[in-house]
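Have a look at the structure below, then the notes.
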2 protein chains.
Amino acid sequence: MLKLSRLTDYAAVVMAQIARHSQTSHAAADLAEAVQLPHPTVSKTLKMLARAGLLVSQRGAQGGYRLARPASQITAADIIAAIEGPVAMTECSQAEGDCELVATCGVADNWQRVSLAMRTLLESVTLAHLADTAPIKLPVQLPIQTISLSAVSA
Amino acid sequence: MLKLSRLTDYAAVVMAQIARHSQTSHAAADLAEAVQLPHPTVSKTLKMLARAGLLVSQRGAQGGYRLARPASQITAADIIAAIEGPVAMTECSQAEGDCELVATCGVADNWQRVSLAMRTLLESVTLAHLADTAPIKLPVQLPIQTISLSAVSA
DNA sequence: TTATACAGGACTAAAATGGTACTCAATTGA
DNA sequence: TCAATTGAGTACCATTTTAGTCCTGTATAA
């Protein structure tokens, strides 16, 4: 189904919530309340996002989380990577080429190209887009040559 | 990591193998040998692909599997769907809207657009591309307007 | 100094995934 | 018509991943 894990889904929702009120800090409990999800889970998600550098945390009274940079500079790929690790469709799309089947596989190279195109797509969608309650209206035109598989050469 | 399940990966490899010798029928055992994967697992994968209508099976002596249609008419999205179900990034991208959080979520619509763009991308990659041992060279230019998020309206 | 709020890690439960084994059914050809 | 071949179906188990909880520690502001 190629779907996001539930935590990643939560992460996107929480990030969008923060992005919509980016002036103030948000306590984990408040966010959990706002998005109607269990507190510990939201907390865990926030910690991951902070560790990935997408949020900055402030301890103590009046503390909480806020965006580390403008929503327009945080991409869907960033959020996914923060929770699930780098976007890669197959084992061998990752750095460590510990797949012993490369010889008989024969599709590795091409999967990597597809994988790269997907990553490009996800990098073109920003948190600002996601947080916008209205449908994405901007003509987010991807550079055609980055999507064209011919240009996605290693 | 947004990655394919291992079975889907196997499916792609096996399909590519069949596509490279599309004249003959392929017994499950032969394919397993060719791609160096356990028989029962390959067999299971083949059955799923056949049930999805991507392969046709022939029982009995000299039987085996062959492509149900030309490799150029089978897409990566087809293969993924055969094993994992329809390509959809989030729960609510699927038909059944059984997510009770829609009210507080606020990102559902936009995720669906992204999801659709991903599907379009995967539909533009055919088995013929994957099976080609050489890197994909064709200028597989996606219609820009289907990728542009502005055009991916529900 | 105390209340607030994040950090980190250990732990458990549940679900998905992957893999195996076994039996049944269909086809071919001797 | 029988035996060999080969896929179909089902049930089951092991492993891994994912999700969620809890507890303790630490930083900060009032």
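Protein chains get the first letters and strands the later ones, always in sequence-line order, with residue 1 at the start of each.
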Inset, instruction - Examine the side chains of B/E84 and B/T8 and answer whether a donor and an acceptor come within less than 3.5 Å of each other. - result: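 There is such a pair between these side chains.
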Inset, instruction - Output the distance between atom CD (B/Q112) and atom CZ (B/R119), rounded to the nearest 0.5 Å. - result: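 Atom-to-atom, B/Q112:CD and B/R119:CZ are 9.0 Å apart.
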Round to a whole Å and report the spacing from [atom1] of [X] to [atom2] of [N].
{"X": "A/L31", "N": "C/dT4", "atom1": "CG", "atom2": "C1'", "answer": "15 Å"}
{"X": "A/R51", "N": "C/dC6", "atom1": "CZ", "atom2": "P", "answer": "15 Å"}
{"X": "B/M48", "N": "D/dG9", "atom1": "CE", "atom2": "C1'", "answer": "13 Å"}
{"X": "A/I80", "N": "D/dT18", "atom1": "CD1", "atom2": "C1'", "answer": "17 Å"}

Legend entry - For DNA chain D, the residues among residues 56-67 of chain B that have a non-hydrogen atom under 4.0 Å from it: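 The answer is B/S57, B/Q58, B/R59, B/G60, B/A61, B/G64, B/Y65.
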With no hydrogens and no angle check, is any side-chain donor or acceptor of [X] less than 3.5 Å from a backbone partner on [Y]?
{"X": "A/R66", "Y": "A/S22", "result": "no"}
{"X": "B/S43", "Y": "B/H39", "result": "no"}
{"X": "A/H21", "Y": "A/H26", "result": "no"}
{"X": "B/D9", "Y": "B/L4", "result": "no"}

Could you list the protein-to-nucleotides 16-23 of chain C atom pairs, N/O on both sides, closer than 3.5 Å?
unit_1 : atom_1 : unit_2 : atom_2 : d
C/dG18 : OP1    : B/R6   : N      : 2.4
C/dG18 : OP2    : B/S5   : OG     : 3.4
C/dG19 : OP1    : B/R6   : NH1    : 3.2
C/dG19 : N7     : B/K44  : NZ     : 3.0
C/dG19 : O6     : B/K44  : NZ     : 3.3

Inset, instruction - Have a look at A/A28 and say if it touches a base, only the backbone sugar-phosphate, or nothing, with a 4.0 Å heavy-atom cut-off. - result: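 Sugar-phosphate, backbone atoms only, no base.
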Inset, instruction - Taking all heavy atoms of A/A19 and all of A/L67, pick out the closest pair and write down the distance. - result: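 Looking at all heavy atoms of both residues, the closest pair is CA-CD1, 4.0 Å.
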Inset, instruction - Report the residues that fulfil salt bridge (Lys or Arg N to Asp or Glu O under 4.0 Å) with B/R69, sequence neighbours left out, ordered by chain and then residue number. - result: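 For B/R69, the residues satisfying salt bridge (Lys or Arg N to Asp or Glu O under 4.0 Å) (neighbours in sequence not counted) are B/D78.
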